[in-house]
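Per chain, numbering begins at 1; letters A, B, ... match sequence-line order. For the numbers below, each heavy atom of this structure counts, side chains included, while hydrogens, waters and symmetry mates do not.
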Amino acid sequence: MLTEPQAVALQQQLRQRVVPEDAFVGPIRIVAGADVEYDKHSDLIAGAIVLLDADTKTVLEVATHVMKAPFPYIPGLFSFREMPPLLAAFRQLQHRPDVLICDGHGLAHPRRFGLACHLGVELDLPTIGCGKTRLLGQYPDLAPERGATAPLTDEATDEVLGLVVRTQTGINPVFVSVGHRISLASATALVLAMSEAVRLPETTRQADAHARQALLAALQQQ
DNA sequence: GCGACAG
DNA sequence: ATCTTGTCGC
């Protein structure tokens with residue numbers, strides 16, 4: 001297994017490949033969601049990638065992979081834990097998505113290389129980080145209406161790491177940041193479009209449900 | 001030294 | 001992440 005300093009060094013090397021602007025052609029037709037589920041009683045984890053039609057939000061394809069957790073949970077090294085099952089699931093897909101929305105951060109990371117960046121660089125795919133809670137950065141009070149945004153800033157460097165985005169009026173916001181090959185503005189627009197009546201993007205909700213299902217199925221066979 | 005810390 | 005259904009409040 002990778003040691004912690006080795007993982008940090010790898011992040012610092014790979015972060016230089018991140019393209020934080022729109023670098024794709026054509027309309028977004030297929031949006032992917034990715035999530036990993038954990039078993040409380042063992043070290044089994046299940047990753048799921050779901051492909052949705054961007055317009056109808058219909059599920060087009062699902063791929064899952066169950067395995068033993070390859071790396072412990074360490075804030076800032078999250079991707080080394082969730083990447084392996086997600087890559088294994090992604091390799092099974094028959095279609096290639098236009099963009100992937102991750103359950104976790106992209107550039108809003110201590111070394112600017114969260115899970116969304118890592119997956120994006122590894123797959124050479126446009127990716128978006130969409131986390132439920134903050135890893136780092138500060139943000140001002142946010143208007144309560146759906147669509148309201150506020151910058152997430154690293155006050156130590158004054159860098160804007162991403163946007164805090166209210167996807168539903170009166171509901172806790174989500175944290176959107178660039179993963180790879182997409183701008184923050186495009187990423188935010190897509191997250192809002194995929195969250196018309198729910199807090200989290202429909203892609204994340206579907207991925208969560210399918211990862212959970214795959215984990216339960218594996219536990220019952222075993 | 002202390003607190004914070006994606007899932 | 002996981003413990004966890006019904007219940008309280010707008």
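Every pair tested for side-chain hydrogen bond (donor to acceptor under 3.5 Å, both in side chains) that includes a residue from residues 27-36 of chain A fails, sequence neighbours excluded, so the list is empty. Sorted by first then second residue, the salt bridge (Lys or Arg N to Asp or Glu O under 4.0 Å) pairs that include residues 206-222 of chain A, not counting sequence neighbours, are Glu37(A)-Arg212(A). Judged as a salt bridge (Lys or Arg N to Asp or Glu O under 4.0 Å), the pairs with a partner in residues 137-163 of chain A (not counting sequence neighbours) are, in order, Arg112(A)-Asp154(A), Arg112(A)-Glu159(A).
Nucleotide dT2(C) holds its C1' atom 14 Å from the CD1 atom of Ile45(A), rounded to whole Å.
Arg181(A) meets the salt bridge (Lys or Arg N to Asp or Glu O under 4.0 Å) test with Asp124(A); sequence neighbours excluded. For Asp55(A), the side-chain hydrogen bond (donor to acceptor under 3.5 Å, both in side chains) criterion is met by no residue, not counting sequence neighbours. Residues forming a ring-ring contact (aromatic ring centres under 6.0 Å, His included) with His105(A) (at least two apart in sequence, or on another chain): none.
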(request) Treat primed atoms plus P, OP1 and OP2 as sugar-phosphate and everything else as base, then score nucleotides 2-7 of chain B 5' to 3': B for base contact with protein heavy atoms under 4.0 Å, S for sugar-phosphate contact only, - for none. (result) --SBBB
(message) One character per nucleotide, please: for nucleotides 5-10 of chain C, 5' to 3', B when the base has a protein heavy atom closer than 4.0 Å, S when only the sugar-phosphate does, - otherwise.
(response) ------
(request) Using Watson-Crick or G-U wobble pairs with both distances under 3.5 Å, give me DNA chain C in dot-bracket, 5' to 3', with [ ] for crossers and | for pairs to another strand. (result) ..........
(message) For DNA chain B, please output the secondary structure as dot-bracket, reading 5' to 3'. Pairs are Watson-Crick or G-U wobble, both atom distances under 3.5 Å; mark crossing pairs with [ ], other-strand partners with |, unpaired with a dot.
(response) .......
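Ile171(A) and Met194(A) are assigned to two separate hydrophobic clusters, defined by single-linkage of ILVMFWY side chains at heavy-atom distances under 4.5 Å. Follow the hydrophobic side-chain contacts under 4.5 Å out from Val99(A) and you reach Phe24(A) in the same cluster.
In this structure, Leu161(A) shares a hydrophobic cluster with Leu136(A), Tyr139(A), Leu142(A), Leu152(A), Val164(A), Phe175(A), the cluster being traced through Ile, Leu, Val, Met, Phe, Trp and Tyr side chains under 4.5 angstrom apart. Grouping Ile, Leu, Val, Met, Phe, Trp and Tyr residues whose side-chain heavy atoms lie under 4.5 Å apart, directly or via other members, places Tyr38(A) in a hydrophobic cluster with Ile30(A), Val36(A), Ile45(A), Ile49(A), Leu51(A), Leu60(A), Met67(A), Tyr73(A), Phe78(A), Met83(A), Leu86(A), Leu87(A), Phe90(A), Leu93(A), Leu100(A), Leu115(A), Leu119(A), Leu123(A), Leu125(A).
With hydrogens and angles disregarded, no donor-acceptor distance shorter than 3.5 Å links the side chain of Ser183(A) to the backbone of Asp22(A). Counting only distance, with no hydrogens or angles, the side chain of Arg199(A) and the backbone of Pro173(A) share a donor-acceptor pair below 3.5 Å.
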